Amino acid sequence: MIRLRSKLTENSICWLLFLIPFLVQGCTKYKEFNAVFPAEIEALNQYSKIVIENPKPDDYLHQLLENALKTQLTSIHPGNIKPAKELNQLEKDIALFNYNPKIENLADSKIATLSYSIKAKTRFKRDHTSKQTVLKSCNFMTRIPVCIPIGTASLKKGKQTVNVTLSGFIALKNNEGKTIIAEFPINQTFGDSGKLVDSRGKILHEGINRIAFDFAKRIVPHRDKIKSEILRGGDSVAVKLIENNALNMAINRLDRLISKDSDPDLEDLYNLGLAYEALSEIQQALVYYEKASDIDSDQEAVKIALKRVRRIVRD
């Protein structure tokens, strides 16, 4: 009997050791954040400024699209823009009342002109359905409930649908009127349906913001949600901090650990890069992703992150 128990115990341990890799794999953790992605088209790289020309500044739709384009085209700070002066020099200049901002005149060849046109068509639809039903009066105080028909009634149901179709174009040209990229067509329908629906104004705002985002991501770096793997095997506290969005605390902790360790773990280097990237500190993220790649260039999570970030800062 004792031998049998010992044999069972050994078998159980063997099975557990066999299953551990699968159990760990099933516990893969991910961090969702707005990563920065490169422009889909690089034709704008040689231009330093975009001027937006609104053909109908008094028109509500054209104002909405102008504001949406400005927001989308200027909201990205990929981390590779550096100040003209070091911060300590700026502090000295300001202290000496000697800080004179310099406004540079751009050559026409460095300016791109964006023009557009947009119109909206709204369709409302209301569906009504009715159903005849028998009304009954029931007595539930008896052993067997008794129900007596007392008449009929018509039950009515309704559904509303609002669709807004936005059409037009966005064009990007140089100072000579030559096309920089192919004209971006606008032809999308946005809507809502149900018993209660969003107002036309809200649908317009959401639709125009979507169009501006779709156009902007073609020509400038943009943010979009991704899920990136958090590597286990390094510092478990840092993993928890990243999971719970305490990114600055994770960075401080990992930075201290790595600076004290002459042979840091790949996982800690990668996770530090991930925390920086989640804060849009792209240059710093690249530094630590590359250090992780130096340890193991075939690690899949490192390869994916490095490819994504390198495309942003390569210029």
Side-chain angles (χ1 to χ4, degrees), residues 20-21 23-38 71-72 74-95 99 217 220-315:
I20 282 175
L23 294 172
V24 172
Q25 187 176 13
C27 296
T28 303
K29 296 181 181 295
Y30 292 89
K31 174 65 183 170
E32 184 175 87
F33 62 96
N34 284 324
V36 179
F37 289 85
T71 300
Q72 293 297 339
T74 58
S75 63
I76 302 302
H77 176 61
N80 58 348
I81 300 173
K82 296 182 179 179
K85 294 186 178 182
E86 296 297 328
L87 290 177
N88 59 352
Q89 183 60 46
L90 285 175
E91 289 174 359
K92 291 178 182 177
D93 288 349
I94 292 170
Y99 180 57
K217 74 180 184 181
V220 295
H222 60 281
R223 288 190 179 95
D224 214 346
K225 284 192 178 297
I226 66 163
K227 276 189 175 181
S228 192
E229 184 179 352
I230 305 173
L231 292 185
R232 301 163 67 91
D235 184 68
S236 60
V237 175
V239 169
K240 278 290 182 187
L241 291 171
I242 294 173
E243 281 182 308
N244 291 288
N245 214 36
L247 299 172
N248 285 312
M249 292 178 68
I251 287 171
N252 291 337
R253 180 177 178 85
L254 287 171
D255 197 38
R256 286 198 306 271
L257 291 174
I258 290 170
S259 63
K260 294 177 182 178
D261 193 345
S262 59
D263 186 23
D265 294 331
L266 175 147
E267 292 83 0
D268 285 340
L269 291 167
Y270 167 85
N271 288 338
L272 181 52
L274 180 63
Y276 274 120
E277 188 184 5
L279 290 174
S280 294
E281 295 287 344
I282 306 301
Q283 286 281 10
Q284 286 293 90
L286 177 61
V287 169
Y288 291 102
Y289 285 152
E290 287 183 334
K291 288 182 179 180
S293 181
D294 289 341
I295 297 174
D296 183 2
S297 60
D298 292 325
Q299 212 292 337
E300 192 62 24
V302 175
K303 285 166 62 178
I304 293 171
L306 201 50
K307 181 180 178 181
R308 181 175 62 243
V309 170
R310 273 178 175 165
R311 288 187 63 191
I312 292 292
V313 299
R314 65 184 174 200
D315 296 328

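Since the model is a prediction, treat every value here as computed from it, not as a measurement. Note: hydrogens, waters and symmetry copies are ignored here, and every other heavy atom, side chains too, is used.
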task = Say whether, by atom type as modelled, one donor and one acceptor occur between the side chain of E281 and the main chain of Q284 under 3.5 angstrom.
result =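 Judged by distance alone, no pair lies under 3.5 Å.
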
task = May I ask you to decide if A301's main-chain N or O and Q299's side chain share a donor-acceptor pair within less than 3.5 Å?
result = yes

query = Hey, mind stepping through I242 and L247 against side chain to side chain contact (heavy atoms under 4.5 Å, CB included) and telling me if it holds?
reply = CA-CA 5 Å; I242 294 173; L247 299 172; 4.3 Å; yes

Nearest 0.5 Å, please: how far is [atom2] in [Y] from [atom1] in [X]?
X    : Y    : atom1 : atom2 : value
E290 : I295 : CD    : CD1   : 13.0 Å
S280 : N34  : OG    : CG    : 7.5 Å
E300 : E229 : CD    : CD    : 9.5 Å
S236 : E243 : OG    : CD    : 10.5 Å
Q283 : L286 : CD    : CG    : 6.5 Å

task = State, with a plain yes or no, whether a side-chain heavy atom of I230 is found less than 4.5 Å away from one of Y30.
result = no

ask   = Would you call I226 and K31 a side-chain contact if the rule is heavy atoms closer than 4.5 Å?
value = no

Heavy-atom closest contact ([X] atom, [Y] atom, distance):
X    : Y    : value
D268 : G234 : OD1-CA, 3.4 Å
A292 : L266 : O-CD1, 3.3 Å
F33  : S228 : CE2-CB, 3.9 Å

Side chains of residues 249-261: which donor-acceptor partners sit under 3.5 Å, not counting sequence neighbours?
residue, atom, partner, partner atom, Å
N252, ND2, N248, O, 3.3
R253, NE, D235, OD2, 2.6
R253, NH2, D235, OD1, 3.2
S259, OG, D255, O, 3.0
S259, OG, R256, O, 2.8
D261, OD1, D263, N, 2.9

inquiry  = Listing request: all ring pair (Phe, Tyr, Trp, His ring centres under 6.0 Å) pairs with a residue in residues 243-274, at least two apart in sequence or in separate chains.
reply    = Y270-Y289

key: From CA spacing to verdict: side chain to side chain contact (heavy atoms under 4.5 Å, CB included), V239, N271   = CA-CA 8 Å; V239 169; N271 288 338; 3.9 Å; yes

